[in-house]
Amino acid sequence: MAEVALPAPGAAADAPPRPDFEIVPLRGLPVVAAVLVALIAAIAANKLWALEFFHVAGGALWTSIDLFLGLVLGPILGRLTIPARIEMTTRLMPKVLLIMPTLVTVTLASGWQLGRYLGTISSEYALHGWIVASYIVVGIMAVIALGLLEPANVAVLFELKKPRPDPTVIQRLMKRFIYTAGIIGAMQVATLVIMTKVATG
């Protein structure tokens with residue numbers, strides 16, 4: 001994983017200009033609301049195709065974004081110039097702030113309802129041990145995503161909004177963000193193995 005290096009603390013006063021940005025992209029909120037309303041409708045209707053769509057689509061996007069952030073974007077970000085790194089951060093992270101909690105919610109909520117529909121959450125289910133293992137892995141991923149990754153994301157954005165951001169704080173938070181994304185991405189592979197086993201019996 002690449003180091004996210006920034007200038008020394010003394011250089012904070014001479015930091016390059018930062019583009020103005022919204023911490024929470026307001027234009028994305030209607031999209032998030034529409035997705036959550038559709039999710040609630042799918043759960044209320046309890047239709048197999050709708051539940052599978054939300055669970056598979058949400059899980060696939062969650063896995064893909066985690067792997068991309070941790071294994072692809074991390075090394076690239078570490079090699080960019082400071083102005084380019086700031087530009088990418090201020091454009092990417094506000095969107096991630098909306099996307100990741102939405103995907104986590106969609107995947108977990110539809111997955112639980114799908115388990116109820118198919119009966120896989122019952123202790124009598126033949127592969128119940130594998131289902132429990134998936135709960136543990138996904139639970140850990142959700143805690144890391146919502147308890148470490150997203151707070152680091154928010155803290156970076158608030159720091160960049162300050163008149164004189166502290167580069168050492170941003171460096172530490174960016175390293176936490178990239179590392180936790182990589183850890184979640186690796187755990188996603190374990191989830192794929194479990195789900196493949198459950199799907200094939």
Does any part of the side chain of [Y], heavy atoms only, come nearer than 4.5 Å to the side chain of [X], both counted from C-beta?
X	Y	result
Met187	Ile144	yes
Trp112	Tyr135	yes
Trp62	Asp66	yes
Met88	Leu73	yes
His55	Leu108	no
Val35	Leu39	no
Pro94	Glu22	no
Leu48	Leu114	yes

Could you tell me whether the side chain of [X] and the main chain of [Y] form a donor-acceptor pair under 3.5 Å?
X	Y	result
Lys162	Phe158	no
Ser134	Ile194	no
Ser122	Gly119	no

Linking I/L/V/M/F/W/Y whenever their side-chain heavy atoms sit closer than 4.5 Å, directly or via other members, would [X] and [Y] fall into one cluster?
X	Y	result
Ile131	Val193	no
Val169	Val156	yes
Val32	Leu26	yes
Leu192	Val137	no
Val138	Ile136	yes

Kindly compute the distance separating [atom1] ([X]) from [atom2] ([Y]), expressed to the nearest 0.5 Å.
X	Y	atom1	atom2	result
Phe54	Ile40	CZ	CD1	10.0 Å
Met141	Gln188	CE	CD	4.0 Å
Leu61	Thr107	CG	OG1	8.0 Å
Lys95	Ile65	NZ	CD1	12.5 Å

For [X] and [Y], which heavy atoms make the closest approach, and how far apart are they?
X	Y	value
Leu127	Lys197	CD1-O, 3.9 Å
Pro101	Thr105	O-OG1, 2.8 Å
Val104	Ala142	CG1-CB, 4.3 Å
Ala155	Leu173	CB-CD1, 3.5 Å
Leu97	Leu157	CD2-CD1, 4.5 Å

If you apply the rule side chain to side chain contact (heavy atoms under 4.5 Å, CB included), what do you find for Leu29 with Val24, and how did you get there?
CA-CA 8 Å; Leu29 292 178; Val24 178; 4.2 Å; yes

Between Ile99, Leu92, Leu98, which is the residue that forms a side-chain contact (heavy atoms from CB on, under 4.5 Å) with Val96?
Leu92

